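For reference, positions follow the sequence shown, starting with 1. Since the structure is predicted, the reported quantities are computational estimates derived from the model, not experimental observations.
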Amino acid sequence: MANRFIIEVRTKGFPGAERDLGKVKKKTDQYRKSNDKLRGSTAGLRRTVGKWRNDLLLVGFSIGAVIATVKKFVDAAAGFEAVKTRLVGLTGSVQGAEKAFKVFNDVAATTPFTLQDVVEAGAQLTAFGVEAEEMIKPVTDLAAFMGTTATEAANSLGRAFAGGAGAADILRERGILNLIKTTQGLDDLSKTTLPQFREALINTLQDPTAGIAGSTDRMSETFVGGMSNMQDSLTRLSAAIGEHLLPSIKQVAEGFGVMADV
């Protein structure tokens with residue numbers, strides 16, 4: 001007779017485990033819903049913060065643009081003021097400085113050189129004892145002919161006026177001394193006196209057949225010359241605006257200075 005074995009599996013603990021699993025699942029669902037809400041709130045917060053950042057950047061750029069523009073105006077006016085102050089010392093009077101500055105300004109408006117360059121060239125000529133108001137246009141012609149700035153040409157001319165042909169190294173390198181000899185009929189410049197050399201130099205600069213006179217007029221008709229004259233107009237406008245701003249800015253600067261000293 002075959003033996004029978006009865007195997008009994010008791011599952012009394014399963015219902016409790018199922019209940020516990022149900023509770024876990026419920027908690028998990030609740031957590032997921034809460035997390036979804038939090039993610040939505042966080043996204044909204046990020047959008048808000050992003051908008052604030054963009055607004056702040058826009059305001060910052062706007063303020064930066066205003067400061068840069070004001071600085072441009074003030075720098076132009078301050079540059080003119082500094083040159084006029086220097087011209088007062090060179091000419092000996094405020095009236096003389098204003099007159100010289102106006103001449104330089106007018107020349108710059110019709111030449112392919114920046115206003116700052118022409119004004120500085122005029123100041124250099126005055127420092128060398130050259131009649132700057134009369135010679136500023138020939139000097140700009142010389143600069144255009146040599147391919148240099150007006151200031152460099154003024155320095156070269158000033159040294160030549162002060163020391164004669166022996167001190168005119170740059171004019172020699174650029175062929176100007178040779179041009180003087182050929183157009184003025186001088187074989188040996190070293191044998192000329194300083195007054196004779198100065199006269200020969202001026203005559204060469206002003207002689208229309210020598211090729212130097214009129215160089216700025218020819219260059220002004222080029223694209224580079226036109227752009228330079230446009231830039232001069234903008235510089236004069238900036239300086240005019242900055243001139244009205246300087247007094248207030250000076251007061252603010254002085255106020256900070258007083259506060260720093262306290």
OG on S215 to CE on M146, rounded to 0.5 Å: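 Answer rounded to 0.5 Å: 10.5 Å.
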Inter-residue atom distance S93.OG - L87.CG, 0.5 Å rounding: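 Reported value, rounded in 0.5 Å steps: 10.5 Å.
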Those residues that, when tested against F101, pass ring pair (Phe, Tyr, Trp, His ring centres under 6.0 Å) (two or more places apart):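 Result, ring pair (Phe, Tyr, Trp, His ring centres under 6.0 Å) vs F101: F80.
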Non-neighbouring partners of T204 that pass side-chain contact (heavy atoms from CB on, under 4.5 Å), sequence neighbours left out: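 Testing T204 for side-chain contact (heavy atoms from CB on, under 4.5 Å), a comparison that skips the adjacent residues, returns L179, I180, T183, Q184, A210, I212.
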Pairing residues for A143 by the side-chain contact (heavy atoms from CB on, under 4.5 Å) criterion, not counting sequence neighbours: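 Per chain and number, A143 pairs via side-chain contact (heavy atoms from CB on, under 4.5 Å) with F113, T148, A153.
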Go through the structure and list residues passing side-chain hydrogen bond (donor to acceptor under 3.5 Å, both in side chains) with [X], not counting sequence neighbours.
X: Q196; value: T193
X: T192; value: none
X: Q124; value: R86, N155
X: N178; value: none

Pairs where residues 174-201 contributes a residue and the test salt bridge (Lys or Arg N to Asp or Glu O under 4.0 Å) is met, not counting sequence neighbours: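 Passing the test, one end in residues 174-201: no pairs.
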Salt bridge (Lys or Arg N to Asp or Glu O under 4.0 Å) contacts in which one or both residues fall within residues 140-156, not counting sequence neighbours: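 Output for this query is empty, none listed.
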Side chain to side chain donor-acceptor pair (under 3.5 Å) contacts in which one or both residues fall within residues 94-103, not counting sequence neighbours: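 Qualifying pairs: K99-E133, K102-D106.
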Note, [X] side chain near [Y] side chain (heavy atom, < 4.5 Å):
X: L194; Y: F161; value: no
X: K137; Y: T111; value: yes
X: E131; Y: L125; value: no

Derivation and outcome, side chain to side chain contact (heavy atoms under 4.5 Å, CB included), residues V130 and V139: CA-CA 11 Å; V130 181; V139 162; over 6 Å; no
Partner residues of D169 under the salt bridge (charged side-chain N to carboxylate O under 4.0 Å, His left out) criterion, sequence neighbours left out: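 Result, salt bridge (charged side-chain N to carboxylate O under 4.0 Å, His left out) vs D169: R172.
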Hydrophobic cluster (4.5 angstrom, side-chain heavy atoms) - remaining members for V94: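 So far as hydrophobic clustering goes, V94 is joined with V88.
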Residue pair V119, N105: steps toward the side chain to side chain contact (heavy atoms under 4.5 Å, CB included) verdict: CA-CA 7 Å; V119 170; N105 199 343; 5.8 Å; no
Candidate pair F104 and L115, rule side chain to side chain contact (heavy atoms under 4.5 Å, CB included), full reasoning: CA-CA 8 Å; F104 303 154; L115 182 57; 5.8 Å; no
